[in-house]
Amino acid sequence: MDVNQRIAIISAHLHPSNPQMGENPSLRAADCRAKGGAAGFKVAILGAAGGIGQPLAMLMKMNPLVSVLHLYDVVNAPGVTADISHMDTGAVVRGFLGQQQLESALTGMDLVIIPAGVPRKPGMTRDDLFNINAGIVRTLCEGITKSCPNALVNLISNPVNSTVPIAAEVFKKAGIYDPKKLLGVTMLDVVRANTFVAEVLGLDPREVSVPVVGGHAGVTILPLLSQVKPPCSFTPEETEFLTKRIQDGGTEVVQAKAGAGSATLSMAYAAVKFADACLRGLRGDAGIVECAFVASQVTELPFFASKVRLGRGGAEEVYQLGPLNEYERVGLEKAKKELATSIQKGVSFIKK
Ligand SMILES: NC(=O)c1ccc[n+]([C@@H]2O[C@H](COP(=O)([O-])OP(=O)(O)OC[C@H]3O[C@@H](n4cnc5c(N)ncnc54)[C@H](O)[C@@H]3O)[C@@H](O)[C@H]2O)c1
Ligand SMILES: O=C(O)C[C@H](O)C(=O)O
C-alpha cells in the first residue's frame, strides 16, 4: 500500500461523512489485502446482526481459514461490522444492509451461513416459525442462485426440516441445485448429545462422540446411543433420559430464556464447528465426517440427517445409519413420520 492510500484511510476516519457500507477507503485497502493472495475462503453470514449471527460472526472472524467475511442483515449490520472489523485477525470484514445489498453480500462467496429468521418463544414448536421463516429463506436462497450458485450453504433457520427442502426447491427452480452443497445444520444436536452423554459417563465431552440422525425437531432428533464413542452401554432409564434431554435441548433453552429467544451462543459455537469442518473439506482435507440434514437415500425420505463426509464438493458421501437397537428402530419410525410431513410442507411452499 502506498502513502496516498494510507492517507486516504486516515482521512476517512477523521472525516467520516463518506463511508457508505462497502465504500470506505480502508475497506478498499483491505480489498487489496484480500485480493493480494491472502489464502482462505470467502464466507457470508445472512442474519449476522441476530442472536446467533453476532457471536457466529465473531467466531468466524477468528477462523484462520476465512479470508473475507461478509455480514448481511436487514438491521444493524453496520454496527456489528464496525465492531467486528476491529479484531486483529486476518479476515477482511464487510457489512451489507438490506435487500438492495444482498447481491453484493453474496457475490463470490464460497460458503453462505444462514441464521436469519425469527426464534421460538416458550410454548411454540419450531414449525410455528414456518410462516415467517419460509419466506425469509426463500428470498435469501433466490439471492444465492443469482450471485453465488456454486457456494456451499449451511442452513440454520428453523424449522430446518422444512427450510432445507424449501432451499432445494428454490435451487431446482433456478437450475443450480447441487444436493451435495446444501446442508441443514444439526450440529447443535450433536454438541448437546456429546455434553449430556459425557455428564452421565463422567467424561470430558471432548472425548465423546454421539451420532445424531433424522432431523432437527422433537422426535425427529434421534441420537444413536448404541454407537457412542468411546463404546459404552446405558440402562433403559439412562437411554430414555438421554434421548429425551437431547430431543428437548432446544426447548430447555427456550424455557430458560423465558421469551428472550432460543439458543444463540451454543448455536454459534456449533455453527462454527460445522462451518470449519465444511471449509476444511473444501480445502481438500481428508476424513472430515460430521452429521448434517442433507438430500439422502439412507431412508425412503428425500432428506435425512446422518453422518456425511465433507470434501471439495460439499457432502460427498452420505453414510448409512449402521446397526440400530430396538429402541432406536422404534424412534426411527416416529422420526420418519414427522419428517415426511415437514419435508412435504417445505416442498409445497415453493411448488404451490
Ligand atoms: N439449526 C439449529 O440448530 C438452530 C439453533 C438455534 C436457532 N435456530 C434458528 O435460527 C434462527 C435465528 O435465531 P436467532 O436467535 O439468531 O434469532 P434473532 O431474532 O436473534 O436473529 C435473527 C436475525 O435475522 C435477521 N433477519 C430477519 N429477516 C431477515 C432477512 N430477510 N434477511 C436477513 N436477515 C434477516 C434479523 O434482523 C435478526 O438480526 C431462528 O429461526 C432459530 O429458530 C436454529
Ligand atoms: O429450539 C429452538 O427453537 C432453537 C434450536 O432449534 C435449538 O435446537 O436450540
Side-chain angles (χ1 to χ4, degrees), residues 44-57 70-81 95-103 105-106 112-144 153-164 166-167 183-193 195-196 212 214-218 220-221 245-257 259-275 291-293 305 342:
I45 299 175
L46 311 183
I52 297 168
Q54 291 198 35
L56 171 58
H70 282 192
L71 304 181
Y72 172 83
D73 204 301
V74 290
V75 294
N76 298 339
V80 174
T81 304
F96 301 87
L97 179 65
Q99 176 85 29
Q100 67 286 359
Q101 296 195 351
L102 181 59
E103 187 178 334
L106 289 170
V112 181
I113 311 175
I114 310 183
V118 290
R120 280 201 284 167
K121 288 193 185 332
M124 293 171 83
T125 65
R126 292 176 182 81
D127 186 58
D128 292 334
L129 306 173
F130 186 97
N131 288 344
I132 298 179
N133 290 353
I136 293 174
V137 168
R138 174 177 55 195
T139 305
L140 297 175
C141 289
E142 283 167 356
I144 291 171
V153 177
N154 288 182
L155 192 38
I156 295 172
S157 316
N158 270 319
V160 168
N161 294 351
S162 301
T163 54
V164 168
I166 288 172
L183 302 112
V185 180
T186 58
M187 179 62 105
L188 183 53
D189 302 313
V190 173
V191 163
R192 285 178 177 142
T195 305
F196 303 158
V212 183
H216 179 67
T220 73
I221 300 169
R245 184 153 188 228
I246 294 160
Q247 290 177 335
D248 294 342
T251 307
E252 187 179 316
V253 178
V254 169
Q255 279 168 353
K257 291 200 173 179
S262 56
T264 53
L265 304 173
S266 52
M267 182 60 236
Y269 166 81
V272 167
K273 199 171 176 185
F274 188 67
C291 290
F293 185 65
S342 305

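Numbering of ligands and ligand atoms starts at 1, following listing order. Computed from heavy atoms alone, side chains included, the values below leave out hydrogens, waters and symmetry copies.
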Val160 near ligand 1, heavy-atom distance under 4.0 Å?
-> yes
Can you report which non-hydrogen protein atom sits closest to [atom], along with the distance?
{"atom": "atom 19 (O) of ligand 1", "value": "Pro119 CD, 3.4 Å"}
{"atom": "atom 9 (O) of ligand 2", "value": "Arg192 NH2, 2.7 Å"}
{"atom": "atom 40 (C) of ligand 1", "value": "Val118 O, 3.2 Å"}
{"atom": "atom 35 (C) of ligand 1", "value": "Ala116 CB, 3.6 Å"}
{"atom": "atom 1 (N) of ligand 1", "value": "Ile156 O, 3.1 Å"}
{"atom": "atom 33 (C) of ligand 1", "value": "Tyr72 CE2, 3.5 Å"}
{"atom": "atom 36 (C) of ligand 1", "value": "Asp73 OD1, 3.4 Å"}
{"atom": "atom 11 (C) of ligand 1", "value": "Pro115 O, 3.6 Å"}
{"atom": "atom 6 (O) of ligand 2", "value": "His216 NE2, 2.5 Å"}
{"atom": "atom 5 (C) of ligand 1", "value": "Met267 SD, 3.1 Å"}

Got a sec: does the CD of Glu103 have more than 12 other heavy atoms crowding it under 6.0 Å?
-> no
Run the contact test for Val253 against ligand 2 with a 4.0 Å cut-off on heavy atoms, strictly below, and give the result.
-> no
Heavy-atom proximity to atom 31 (N) of ligand 1 ranks first, among Leu129, Ile136, Ile132, Val80, for Ile136
Nearest heavy atom to atom 27 (C) of ligand 1: which of Ala268, Gly117, Gly50 does it belong to?
-> Gly117
Point-to-point distance, once rounded to the nearest 0.5 Å, from [atom1] of [X] to [atom2] of [Y]:
{"X": "Thr186", "Y": "Phe274", "atom1": "OG1", "atom2": "CZ", "result": "7.0 Å"}
{"X": "Thr139", "Y": "Leu102", "atom1": "OG1", "atom2": "CG", "result": "8.5 Å"}
{"X": "Gln255", "Y": "Arg120", "atom1": "CD", "atom2": "CZ", "result": "8.5 Å"}
{"X": "Leu46", "Y": "Leu155", "atom1": "CG", "atom2": "CG", "result": "10.0 Å"}

Contact atoms of ligand 2, heavy-atom distance to [X] under 4.0 Å:
{"X": "Leu188", "result": "7 (C), 9 (O)"}
{"X": "Gly250", "result": "1 (O), 7 (C), 8 (O), 9 (O)"}
{"X": "Ser262", "result": "2 (C), 3 (O), 4 (C)"}
{"X": "Ala263", "result": "9 (O)"}
{"X": "Arg120", "result": "1 (O), 2 (C), 3 (O)"}

Counting only heavy atoms closer than 4.0 Å, does ligand 1 sit against the backbone of [X], its side chain, both, or neither?
{"X": "Ile52", "value": "both"}
{"X": "Thr186", "value": "neither"}
{"X": "His216", "value": "side chain"}
{"X": "Asn133", "value": "side chain"}

[X]: numbered ligand 1 atoms lying under 4.0 Å from its heavy atoms:
{"X": "Leu140", "value": "32 (N)"}
{"X": "Ala263", "value": "6 (C), 7 (C)"}
{"X": "Val75", "value": "37 (O)"}
{"X": "Ala49", "value": "39 (O)"}
{"X": "Thr264", "value": "15 (O)"}
{"X": "Asn158", "value": "4 (C), 8 (N), 9 (C), 41 (O), 42 (C), 43 (O), 44 (C)"}
{"X": "Gly51", "value": "16 (O), 18 (P), 20 (O), 21 (O)"}
{"X": "Gly47", "value": "24 (O), 34 (N)"}

Under 4.0 Å, heavy-atom basis, I'd like to know which part of [X] is in contact with ligand 2: side chain, backbone, both or neither.
{"X": "Asn158", "value": "side chain"}
{"X": "Val160", "value": "neither"}
{"X": "Met267", "value": "neither"}

Does [X] reach the main-chain N or O of [Y] with its side chain, forming a donor-acceptor pair under 3.5 Å?
{"X": "Asn133", "Y": "Val118", "result": "yes"}
{"X": "Ser162", "Y": "Ser342", "result": "yes"}
{"X": "His70", "Y": "Ala105", "result": "yes"}

Side-chain donor-acceptor pair present, Thr220, Asn161, cut-off under 3.5 Å = yes
